[in-house]
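Since the structure is predicted, the reported quantities are computational estimates derived from the model, not experimental observations.
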Amino acid sequence: MNLNRLMKTCGMAIGGVMFALACGQALQAQPGSAAKIPASALMQPQELSQTLNAAGAARPVILQVGSQVMFEESHIAGAEYAGPGSQESGLNLLRKRVASLKRNTPVVIYCGCCPWTHCPNIWPAYKTLVGMGFTHVHALYLADNFGTDWVSKGYPVEGRH
């Protein structure tokens with residue numbers, strides 16, 4: 001894997017997301033709403049990586065709730081795309097994906113499109129899952145972005161990278 005190319009690609013995807021936001025794409029959440037997620041529901045990247053690498057450990061369902069372009073370029077190994085949490089169409093995809101899961105299934109959601117304090121996707125997705133009755137929902141805390149907080153740490157990724 002060429003890490004420099006991957007970082008550049010992630011940066012381009014982030015730029016595309018920011019461009020869409022600047023062009024007035026309708027959002028249900030305001031940047032900064034990720035802070036509404038309780039600290040007890042946050043998962044650190046190292047913790048998720050250890051869970052994924054643990055032999056015999058039950059894997060949570062990992063759902064990316066940000067940009068599809070970013071997901072296609074690079075995503076957490078084993079993650080599924082669940083639609084952008086900032087849009088009703090994305091939340092509908094998320095609802096459809098988890099509809100058949102038991103409500104005590106461990107679910108980890110993440111975005112990583114931009115700094116945590118500005119992410120428009122993670123809070124609506126979290127709120128939707130909790131509202132559906134899921135009791136083990138965690139939001140992966142990516143302070144800066146997916147490239148910096150996951151990829152550059154050498155954690156497992158898949159995609160075109």
Do Tyr141 and Tyr110 make the cut of ring centroids closer than 6.0 angstrom? no
Is there side-chain contact between Cys111 and Leu142, with at least one heavy-atom pair below 4.5 Å? no
Side chain to side chain contact (heavy atoms under 4.5 Å, CB included) against Leu48, all qualifying residues, sequence neighbours excluded: Met43, Leu52, Pro60, Ile62, Ile76, Val108, Leu140, Trp150
Nearest atoms (heavy-atom pairs only) where Tyr126 meets Pro38: OH-CD, 3.6 Å
Suppose we screen for side chain to side chain contact (heavy atoms under 4.5 Å, CB included). Which residues come up paired with Pro115, at least two apart in sequence or across chains? Thr117, His118
Heavy atoms, side chains only, cut-off 4.5 Å: are Thr128 and Phe134 in contact? no
Looking only at non-hydrogen atoms, find the nearest pair between Ala79 and Phe71 and report the distance. O-CZ, 3.6 Å
Could you tell me whether Gln46 atom CD has more than 12 heavy atoms of other residues or ligands within 6.0 Å of it? no
To the nearest 0.5 Å, what is the distance between NE2 (His136) and CG (Leu101)? 13.5 Å
Taking C-beta and beyond as the side chain, do Val157 and Phe146 meet within less than 4.5 Å on heavy atoms? yes
Please check this pair: side chain of Tyr155 against backbone of Asp149, looking for a donor-acceptor N/O pair closer than 3.5 Å. no
Give a yes or no answer on whether the side chain of Glu158 reaches the backbone of Gly78 with a donor-acceptor pair at less than 3.5 Å. yes
Report yes if some heavy atom in the side chain of Ser33 is under 4.5 Å from a heavy atom in the side chain of Pro120; otherwise report no. no
Asn121 and Gly66: which non-hydrogen atoms are nearest, and at how many Å? ND2-CA, 3.8 Å
Heavy atoms only: give me the nearest Ile122-Ala34 pair and the separation to one decimal. CG2-CB, 3.3 Å
Nearest heavy-atom approach of Val98 to Met132 is CG2-CE, 3.7 Å
Can you find a pair of side-chain heavy atoms, one from Asn145 and one from Cys114, that are under 4.5 Å apart? no
Do Cys113 and Ser67 come close enough that some side-chain heavy atom pair is under 4.5 Å? no
Interatomic spacing from OH in Tyr81 to CD in Gln68 - rounded to 0.5 Å: 4.5 Å
Side-chain contact test, heavy atoms from C-beta onward, threshold under 4.5 Å: evaluate it for Met70 versus Gln64 and give yes or no. yes
Mind jotting down which residue pairs meet the side chain to side chain donor-acceptor pair (under 3.5 Å) criterion with at least one end in residues 95-106? Sequence neighbours excluded, please. Glu80-Arg97, Glu88-Arg95, Asn92-Arg95
Establish whether Leu63 and Leu93 are linked, either directly or via other cluster members, by ILVMFWY side-chain heavy-atom contacts under 4.5 Å. no
